[in-house]
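Here the structure comes first, spelled out in structure tokens, and everything after it is commentary.
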Amino acid sequence: MSLNKFSQKIGILGGGQLGKMLCQAGSKLGLNIAVLEKDLSYPAANVCRDFVCGDITNFDDVVSFGKDKDIITIEIENVSISALETLETLGKKVYPSPSALKIIRDKGLQKLFYEGYGLPTSAFSLFNDKNEILSAVENGKITIPFVQKSRTEGYDGKGVQIIRTKEKLALLLDGPGLVEDIVSIDKEIAVIVARNLSGEIKTYPAVEMHFHPTANLVEYLFCPSEISEDQSEKATTLAIMIAEKLNVVGLLAVEMFIDKGGQVLINEVAPRPHNSGHHTIEACITSQYEMHLRAILDLPLSSTELLRPAVMVNLLGAEGYSGPVQYEGIESCMSIDGVYPHLYGKKETKPYRKMGHVTIVDKSLPNAVNTARYIQNTLKVISYQ
Ligand code: ADP
């Protein structure tokens, strides 16, 4: 019985860095993994022999890729949901389920879901386009400041506008969106939950994002977070509740705010491995990637314990450089104990493109933070062309 689990064919939609790291974890367990993605320049192509070129948003491509698989999973939400529904009717196991993915992919439906279950999140209203928002501002139904979010296809802050003054209304995004109250944020955290088909659940210790004090940019992520035990318990309970109510199988990353009053508020979720779990490869007993595979194969989940404090910095393409990538200063960073670069294998850099990340583990969190700052000042993602 358990041998069968290991010989199942797993198909991953998406061949980015998360797909690549899923393949690497799968290889450790000798799993049979295929990836669907546009072309061989994607990171997963370097580690997956069964790499199929196709469009993950295209119905036919996804159905024909999934037809001979036993389990289909994702590394990105923007995939053809109708194809996943068809695959489910063909008897394939699809994790996350298309019905959960439909809710998660639409920030409006996500908010309605939290509201429906009485889960804490900032107050919001839905709008069909920016003109509706402008009229609502005019007749006092919403007041500045507020946050506007596109309902679909936002990522890494694209698709989010913080409107603090009347002048900024010119920046409103068009299309269906939601407006929510600005949270007066003290901390931003994420908790990753793993849930297998049998309902076993594990949660990783909360990770905290550290923001640059002036530029509104995440500088690094660190774990353990500096939230209180109460807040950690609350955040973990909420994350588990969402995973259970969405009936998630696999991972669910839950991003939350701690406001200045100490309240925990849900921001958004992602049903897949997440940027906030990169450090789990070196810092936890079980990495998030292995955990996702264990969960979708309905295997025991194993420990999420943090073995060492960890800091994670993203390696983004430096401004002013486009072309074949070079990692300036990397050797000096690698001479430090506990520094683990992960280069995604993308050949071309562009300003702000995610080219890799570095995880730093250290017995002392402040030391890890110092090393992270050294890396940020030393390691530059550039191009000589
Ligand atoms: P994305 O899906 O693009 O990551 P998020 O919803 O996470 O978008 O928003 C991006 C960032 O915008 C958050 O990390 C946070 O800093 C800020 N933000 C989002 N919603 C709010 C809010 N209601 N109040 C204050 N800041 C917010």
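As the structure lists them, so they are numbered: ligands from 1, and atoms in each ligand from 1. Predicted model, so just to flag it, every value in this text is computed and none were measured.
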Under 4.0 Å from a heavy atom of Glu188: which atoms of ligand 1 are those, numbered in the order shown and with their elements? 13 (C), 14 (O), 15 (C), 16 (O)
For ligand 1, which is the ligand I care about here, please tell me if Ile182 has any N or O atom under 3.5 Å from one of the ligand's N or O atoms. no
Does the pair Glu77/Arg272 count as a salt bridge with the N-to-O cut at 4.0 Å? yes
Taking the minimum heavy-atom distance to atom 27 (C) of ligand 1, which of Phe124, Phe257, Phe146 ranks first? Phe257
In terms of its nearest heavy atom to atom 22 (C) of ligand 1, the top option of Val147, Val218, Thr121 is Val147
Per-atom contacts of ligand 1 with Glu255, taking only distances under 4.0 Å to non-hydrogen atoms: 7 (O)
Is there a donor in the side chain of Ser198 and an acceptor in the side chain of Asp298, or the other way round, less than 3.5 Å apart? yes
The atoms of ligand 1 lying under 4.0 Å from a heavy atom of Asn267, numbered in the order shown, are 5 (P), 6 (O), 7 (O)
Tell me, please: is Lys107 in heavy-atom contact with ligand 1, that is, under 4.0 Å? yes
Lys/Arg-Asp/Glu bridge criterion (N-O < 4.0 Å) met for Glu75, Lys20: no
Atoms in ligand 1 flagged as close to Glu180, the criterion being non-hydrogen separation under 4.0 Å: 20 (N), 21 (C), 22 (C), 23 (N)
Just which atoms of ligand 1 are under 4.0 Å from any heavy atom in Ile185? 25 (C), 26 (N)
Kindly state whether the ring of Tyr344 and the ring of His357 have centres lying under 6.0 angstrom apart. yes
Quick one: do Thr286 and Lys202 satisfy side chain to side chain donor-acceptor pair (under 3.5 Å)? Show the steps, please. CA-CA 11 Å; Thr286 315; Lys202 289 279 161 88; over 6 Å; no
Which of the numbered atoms in ligand 1 are under 4.0 angstrom from any heavy atom belonging to Val183? 22 (C), 23 (N), 24 (N), 25 (C)
Candidate with minimal heavy-atom separation from atom 2 (O) of ligand 1, of Lys158, Gln110, Glu77, Glu268: Glu268
Between Asp106 and Arg151, does at least one N-O distance fall below 4.0 Å, as a salt bridge requires? yes
Checking side-chain polar atoms at under 3.5 Å, does Glu132 have a donor or acceptor matched by the opposite partner on Asn128? yes
Centre of Phe65's six-membered ring, under 6.0 Å away, within 45 degrees of the axis: is that where NZ or CZ of Lys69 sits? yes
